[in-house]
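Report on one structure; see the data block that follows.
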Amino acid sequence: MLEGKAIVRETDMPDDMQSHAMELAYQALDLHEVSDCQSIAHYMKKNFDEFYGPTWHSVVGNDFGSCITHLCGSFIFFRVEMMEFLLFKDGKDLSKEVAVKIA
């Protein structure tokens, strides 16, 4: 298991959901090669879809930009070691969406 502590850069998730996301990140990094960002992202998305219902999106890597729209209370952007994790839920409830740009 990686020894580095997760650093949350931005979020609007409840604390328990944030902890779950970071726990899954550590699990994914234990299960997959660090260079296999696609498998790590899939692991995160699959688990969040199963636990919190669809539709979650996951972006994992060490160099990416994004501009997303997400449902309020369903966004986290954090770092573990040199790996960045972006996890958010999308949906049809447009009244609760928020646009976020990550650079």
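Because only heavy atoms are used, hydrogens play no part in the values below, and waters and symmetry mates are left out as well, while side chains stay in. From a predicted model like this one, the values you see are computed outputs, not experimental measurements.
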With rounding to the nearest 0.5 angstrom, report the CD to CE distance, Q27 to M22. 13.0 Å
With sequence neighbours excluded, residues passing ring-ring contact (aromatic ring centres under 6.0 Å, His included) with F78: F85
Carefully, step by step, assess T69 and D90 under the rule side-chain contact (heavy atoms from CB on, under 4.5 Å). CA-CA 7 Å; T69 302; D90 188 12; 5.7 Å; no
Verify the cluster assignment for I40 and V8: are they in a single hydrophobic cluster under the rule of side-chain heavy atoms below 4.5 Å apart? yes
Please say yes or no: joined through hydrophobic side-chain contacts below 4.5 Å, possibly via intermediate residues, are I7 and L29 part of one cluster? no
Go through M83 and C37 one step at a time and tell me if the side-chain contact (heavy atoms from CB on, under 4.5 Å) criterion holds. CA-CA 9 Å; M83 191 70 66; C37 295; 4.0 Å; yes
Going through the checks in order, is the side-chain contact (heavy atoms from CB on, under 4.5 Å) test met by L86 and S66? CA-CA 9 Å; L86 173 60; S66 68; 3.5 Å; yes
For N62, what residues pass the side-chain hydrogen bond (donor to acceptor under 3.5 Å, both in side chains) criterion, not counting sequence neighbours? none
Please report the shortest heavy-atom distance between A21 and I76, naming the atom on each side. CB-CG2, 4.3 Å
Flag if over 12 foreign heavy atoms under 6.0 Å of CD, E50: yes
With sequence neighbours left out, the residues meeting side-chain hydrogen bond (donor to acceptor under 3.5 Å, both in side chains) with S19 are none
Partner residues of F48 under the ring-ring contact (aromatic ring centres under 6.0 Å, His included) criterion, sequence neighbours left out: H20, Y52, W56
Donor-acceptor contact below 3.5 Å, side chain Y43 vs main chain L31: no
Are side-chain heavy atoms of H42 and Q38 found at a separation under 4.5 Å? no
Kindly indicate whether the side chain of H57, heavy atoms from C-beta on, has any atom under 4.5 Å from the side chain of I68. no
Full working for side-chain contact (heavy atoms from CB on, under 4.5 Å) between F88 and L71: CA-CA 8 Å; F88 62 97; L71 293 175; over 6 Å; no
Mind checking what makes ring-ring contact (aromatic ring centres under 6.0 Å, His included) contact with H32, not counting sequence neighbours? none
To the nearest 0.5 Å, tell me how far K89 NZ sits from D49 CG. 8.0 Å
Backbone N or O of F75 within a donor-acceptor pair of the T11 side chain at under 3.5 Å? yes
Give a yes or no answer on whether the side chain of Q18 reaches the backbone of M13 with a donor-acceptor pair at less than 3.5 Å. yes
Residue set satisfying side chain to side chain contact (heavy atoms under 4.5 Å, CB included) with P14, at least two apart, ordered chain then number -> D16, M17
Just by modelled atom types, is the S74 backbone N or O under 3.5 Å from a matching donor or acceptor in the D12 side chain? yes
With rounding to the nearest 0.5 angstrom, report the NZ to OG distance, K45 to S58. 9.0 Å
Atom pair CG/CG of L24 and N47 - distance to nearest 0.5 Å: 5.0 Å
